[in-house]
Amino acid sequence: MEVIFLKFYITTPIYYVNSDPHVGSAYTTIIADIIARYKRMMGYDVFFLTGTDEHGQKILQAATNAGKDPQSFCDELAGRFKKLWKKLGITNDGFIRTTDQDHMKVVQYFVKKMMENGDLYKGEYKGWYCVPCESYWNEEEIGAERLCPSCGRELKYITEENYFFRLSKYTDALLEHYRNHPEFVQPDFRRNEMLKILEGGLKDLSITRTTFKWGVPMPDDPEHVIYVWVDALINYISAIGYPFDTEKFNRYWPADLHLIGKEINRFHSIVWPAMLISVGLPLPKTVFAHGWLTVDGQKISKSLGNAIDPSYFVEKYGNDVLRFYLLRDINFGKDGDFSEKNLVNRLNSDLANDYGNLLHRTLAMLEKHYSSVLPEPKEHDEIDERFKEDVMQRVKEYEKLMEEYSLTQAVEKILEILMLSNKYFDEKRPWILAKQKDFSRLSTVLYNTCEALMKVAVMFSPIMPDSSREVLLRVGFDWGPSKELLDRWGILKPSVRIVHGKPLFEKKEFATEKKESEPRMDDLIELDEFKKVKLRTAKVLSAERVPKSDKLLKLIVDVGDLGQRQIVAGIAKYYEPESLVGKTIIVVVNLKPAKLMGVESQGMLLAAKDSTNLRVLTVDGDIAPGATIS
RNA sequence: GGCGGUGUAGCUCAGAUGGUCAGAGCGAGUGAUUCAUAAUCACUAUGUCGUGGGUUCGAAUCCCACCGCCGCCA
């Protein structure tokens with residue numbers, strides 16, 4: 001009889017250690033962790049791998065700049081990644097470094113095998129090369145400036161003898177695989193991009209370098225160092241024992257999911273599979289290329305200084321909140337914007353209000369009316385039954401969505417349960433039942449709400465492990481989340497002791513105060529937008545108070561070729577009408593007319609205001625009324 | 001330059017095969033309620049479904065053109 005065993009091998013990219021980890025790498029790793037935890041909960045034997053990519057010219061450069069030898073530089077950076085993952089609650093089973101001796105041996109073994117299979121040949125490369133990017137560029141790609149299309153730096157024309165991988169040979173095999181395995185590359189729009197490349201035919205790939213030494217030496221030809229990407233990709237199999245620990249390797253390979261960012265899709269969806277075919281290994285089941293994060297609408301970049309340190313958010317809001325926010329607010333797969341303001345919104349409304357408060361109000365009543373002992377549900381009606389069905393339906397949908405990596409949609413199902421539960425609670429009015437001493441119905445309401453909350457905590461547990469554990473403890477569980485807890489209604493044992501406890505999530509305020517002199521990047525406007533505002537100089541011909549208003553003055557101004565305008569302005573507290581006459585002021589002339597206290601205003605004058613005073617803007621010296629301002 | 005995608009309420013976005021598809025959440029407003037973390041529940045969107053044409057009895061949904069943004073490739 002065949003024993004069915006469920007395994008799940010998931011990987012993140014190995015991160016390039018030329019700088020500290022930022023939200024981008026944290027995002028990928030957190031998502032992978034969520035999937036890994038989910039699969040474990042569902043009973044899979046999970047192997048979750050992450051690690052660091054430590055070879056190549058750029059690392060060498062970064063190490064040199066830091067005044068360190070490359071290995072100790074890498075050791076330090078790899079340590080920082082490990083530390084951050086620990087802080088983020090990442091449950092990786094392996095951490096691979098490409099400078100591990102074991103890994104380097106496997107790379108050589110792998111490349112040798114490609115060679116034996118006739119997939120490598122020595123060729124001469126002539127052309128433009130970007131040293132920092134370790135990339136070759138075609139003449140057509142670089143333009144007249146001869147700058148690197150990727151980093152913008154100067155290119156060198158070089159002639160180099162390299163080993164090439166016969167990537168072109170695998171075009172058809174890959175196309176075939178794409179056709180037979182529509183789930184191979186996700187999301188589907190990424191798959192289509194790769195298909196287009198394949199349909200255009202592949203070129204052979206240069207896979208060694210001779211200009212530096214920081215890498216894995218080519219077997220039997222140590223003048224050559226293996227291209228960093230080839231080195232890096234092999235991590236996915238070297239980390240699980242290929243080719244020496246066959247038991248472990250056969251257990252986990254092929255990978256179920258390579259989770260990556262969209263920028264490295266081509267290496268994972270074309271180059272890597274071709275390499276695997278070359279040595280006769282099965283291909284990973286799915287490559288999922290997620291989108292990029294922007295921060296407050298801006299691309300993450302060092303020059304903008306917005307490369308956020310994820311630790312900041314963990315310390316300020318807690319790990320659960322950060323993880324929840326990333327899944328909830330950034331539609332997994334697409335690009336999305338990371339903003340602290342939205343994070344606080346989600347924390348307050350979804351977590352503190354809908355989730356934490358529901359738990360709190362439920363447990364408070366149990367404490368008060370049942371001395372913190374979960375009662376047995378008694379009388380029930382069609383509302384109770386419908387509630388159970390609605391919840392269980394969401395549970396099933398959640399499982400389905402998680403399976404297909406629709407993570408954001410899966411979270412929405414959990415939140416739907418919370419909304420249903422709050423609604424159920426309000427419909428049933430347990431506080432009224434308590435006053436009426438209707439314990440037969442009160443017990444049912446409180447039990448059902450607890451059961452729903454337990455399910456929510458279980459569903460949330462891959463995403464928010466800490467708070468989920470807390471909720472489970474409070475409703476009387478001292479063991480971890482598992483699939484069984486989701487399978488049917490009525491898991492909670494009556495008579496178990498519950499714990500009321502403190503609010504689960506504390507609300508936060510997001511300080512929006514900004515220095516006006518320091519506009520944030522997201523406040524910037526296009527020149528076009530500014531140009532929409534038509535400003536002119538205007539000479540004040542007359543000024544008088546608007547009757548029955550202590551704020552408004554009515555001015556008649558001369559705007560040169562635009563004639564005279566009547567402007568109503570709220571400056572009466574700061575100016576005597578007559579003192580304005582004769583002044584040349586600045587007015588907006590294309591503002592929609594508006595009526596203030598029944599008086600039409602055909603424009604707006606500009607004024608500067610601080611906490612105590614207001615002064616009308618004027619011009620420096622004489623200029624004709626109606627002069628344009630730009 | 002080629003190919004692909006996208007443009008829907010203030011914000012973030014859902015809207016197979018054209019006909020309750022004009023929606024959800026957040027924010028805002030009104031009401032209810034008081035068990036609870038000023039929480040919850042109900043009700044409220046006159047949105048040119050980017051613009052202009054076309055096909056059709058009928059289009060956010062199909063076709064063409066244009067504008068904007070994005071991606072992949074070159």
Side-chain angles (χ1 to χ4, degrees), chain A residues 137-143 149-150 185 187-203 261-267 269-270 289-292 294 296-297 299 325 328-339 341-370 383 401 406 408-409 411-416 418-436 438 442 445-446 449-450 453 500-510 512 522 526 528-529:
Chain A
W137 301 98
N138 298 328
E139 201 76 42
E140 320 83 78
E141 289 173 316
I142 59 178
S150 171
V185 178
D188 56 353
F189 57 95
R190 297 282 166 223
R191 176 175 186 267
N192 290 338
E193 288 172 0
M194 293 303 116
L195 269 171
K196 284 275 152 34
I197 295 173
L198 287 172
E199 283 160 6
L202 299 174
K203 281 188 207 156
K262 64 183 183 181
E263 73 284 2
I264 53 176
N265 193 206
R266 194 139 76 98
F267 284 102
S269 298
I270 291 177
H290 68 68
W292 279 357
T294 54
D296 294 329
K299 262 192 181 175
Y325 170 71
R328 162 81 238 236
D329 224 40
I330 289 150
N331 194 195
F332 179 58
K334 298 185 181 168
D335 291 352
D337 188 47
F338 184 100
S339 101
K341 180 165 173 268
N342 290 346
L343 182 147
V344 171
N345 272 345
R346 305 269 55 148
L347 163 62
N348 290 346
S349 71
D350 292 341
L351 297 181
N353 292 350
D354 292 351
Y355 186 19
N357 183 54
L358 176 66
L359 179 76
H360 206 245
R361 68 202 296 214
T362 306
L363 297 181
M365 294 202 77
L366 282 168
E367 184 178 46
K368 190 169 174 187
H369 302 291
Y370 290 94
I383 293 180
L401 290 165
S406 297
T408 304
Q409 289 68 31
V411 174
E412 279 168 10
K413 291 299 163 192
I414 309 178
L415 296 174
E416 278 178 29
L418 288 170
M419 279 189 267
L420 285 166
S421 304
N422 271 313
K423 186 178 168 146
Y424 169 74
F425 205 85
D426 273 32
E427 268 183 343
K428 286 291 187 178
R429 301 160 154 246
W431 56 95
I432 303 285
L433 299 176
K435 276 188 190 130
Q436 295 167 343
D438 188 349
L442 178 60
V445 177
L446 295 181
T449 310
C450 271
L453 279 162
H500 182 190
K502 290 262 175 285
L504 194 61
F505 295 99
E506 212 176 296
K507 285 200 191 183
K508 302 270 190 203
E509 271 187 47
F510 180 63
T512 47
D522 57 2
E526 298 295 331
D528 290 356
E529 293 175 69

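Labels below follow one simple rule: chain letters A, B, ... track the order of the sequence lines, proteins then strands, and each chain is numbered from 1.
Nucleic acid contact class of A:Asn192 (heavy atoms, under 4.0 Å, all strands): none. Using a 4.0 Å heavy-atom criterion, one finds that A:Leu415 contacts no nucleic acid atom at all. Across all strands shown, A:Asp354 has heavy atoms under 4.0 Å from sugar-phosphate atoms exclusively, and none from any base.
At whole-Å resolution of the value, CZ in A:Arg346 and C1' in B:C26 are 6 Å apart. A straight line from NZ of A:Lys508 to P of B:A38 spans 16 Å, rounded to a whole angstrom. For the pair A:Leu420 CG and B:C41 C1', the computed distance is 13 Å after rounding to whole Å. A straight line from CZ of A:Phe505 to C1' of B:U37 spans 12 Å, rounded to a whole angstrom. Atom pair A:Glu263:CD and B:G71:P shows a separation of 12 Å (rounding to whole Å applied). In this structure, the CD atom of A:Glu412 is 11 Å from the C1' atom of B:U12, given to the nearest Å. Rounded to an integer number of Å, the gap from CZ of A:Arg328 to P of B:C26 is 8 Å. Spacing between atom CG of A:Asp188 and atom C1' of B:A16 amounts to 13 Å, rounded to whole angstrom units.
Remark: A:Glu193, A:Lys196, A:Ile197 in residues 193-200 of chain A come within less than 4.0 Å of RNA chain B through at least one heavy atom.
Taking every side-chain heavy atom of A:Lys435 into account, B:C35 is the closest of B:C35, B:C26, B:A39. Across B:C26, B:U34, B:C41, the shortest atom-to-atom separation from the side chain of A:Trp431 is found for B:U34. Comparing B:G71, B:C26, B:C41 by their nearest atom to the side chain of A:Asn422 picks out B:C41. Set against B:A36, B:C41, B:C26, the side chain of A:Asp426 has B:C41 as its closest nucleotide. Among the nucleotides B:G27, B:U37, B:C73, the one closest to the side chain of A:Ala352 is B:U37.
Counting heavy atoms of neighbouring residues, nucleotides and ligands inside a 6.0 Å radius, atom CD of A:Glu506 does not exceed 12 of them. The number of heavy-atom neighbours closer than 6.0 Å to NZ of A:Lys423, taken from other residues, nucleotides and ligands shown, is 12 or below.
In this structure the side chain of A:Phe332 never reaches within 4.5 angstrom of the side chain of A:Ser406, judged on heavy atoms.
Both distances falling under 3.5 Å, in either a Watson-Crick or a G-U wobble arrangement, place B:A24 opposite B:U12. With a cut-off of 3.5 Å on both Watson-Crick or G-U wobble distances, the partner of B:G58 is given as none. For B:G71, the paired nucleotide is B:C3, the pair qualifying as Watson-Crick or G-U wobble because both relevant distances are below 3.5 Å. Under the Watson-Crick or G-U wobble criterion, with both distances below 3.5 Å, B:A65 is paired with B:U51. Across all strands shown, the partner of B:C43 is B:G29, judged by Watson-Crick or G-U wobble contacts whose two distances both fall under 3.5 Å.
Checking A:Asp329 against A:Asp350, the closest nucleotide of RNA chain B that is more toward the 5' end is the one next to A:Asp329. Mapped onto RNA chain B by nearest heavy atom, A:Leu418 and A:His360 fall at different nucleotides, with A:His360 at the one closer to the 5' end.
A sub-4.0 Å separation between OP1 or OP2 of B:C72 and a side-chain N or O of A:Arg191 is absent. Checking the phosphate oxygens (OP1, OP2) of B:U37, no side-chain nitrogen or oxygen of A:Lys502 falls inside 4.0 Å. Within the 4.0 Å cut-off from OP1 or OP2 of B:A42, at least one side-chain nitrogen or oxygen of A:Lys423 is found.
The separation of B:C66 from B:A22, taken at their C1' atoms, amounts to 25 Å, rounded to a whole angstrom. Across B:C21 and B:G47, the matching C1' atoms stand 14 Å from one another, rounded to whole Å. B:U30 and B:G68 have their P atoms separated by 42 Å, given to the nearest Å.
Partners of A:Phe505 according to the ring pair (Phe, Tyr, Trp, His ring centres under 6.0 Å) rule, which considers only residues two or more places apart in sequence or in another chain, are A:Tyr355. Residues satisfying the ring pair (Phe, Tyr, Trp, His ring centres under 6.0 Å) criterion with A:His369, sequence neighbours excluded, are absent altogether.
Between A:Arg190 and A:Glu193 there is a salt bridge, since at least one side-chain N of the basic residue sits less than 4.0 Å from a carboxylate O of the acidic one.
A:Asn422 places a side-chain N or O within 3.5 Å of a backbone atom of A:Asp354 that can act as its donor or acceptor partner. Although no hydrogens or angles enter the test, the distance criterion places no donor-acceptor pair under 3.5 Å between the side chain of A:Ser269 and the main chain of A:Met194.
At a cut-off of 3.5 angstrom, counting only N and O atoms as typed in the model, there is a donor on one side and an acceptor on the other between the side-chain of A:Asn357 and the base of B:A36.
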Side chain to side chain contact (heavy atoms under 4.5 Å, CB included) between A:Arg361 and A:Trp431: does it pass, once the steps are laid out? CA-CA 10 Å; A:Arg361 68 202 296 214; A:Trp431 56 95; 4.2 Å; yes
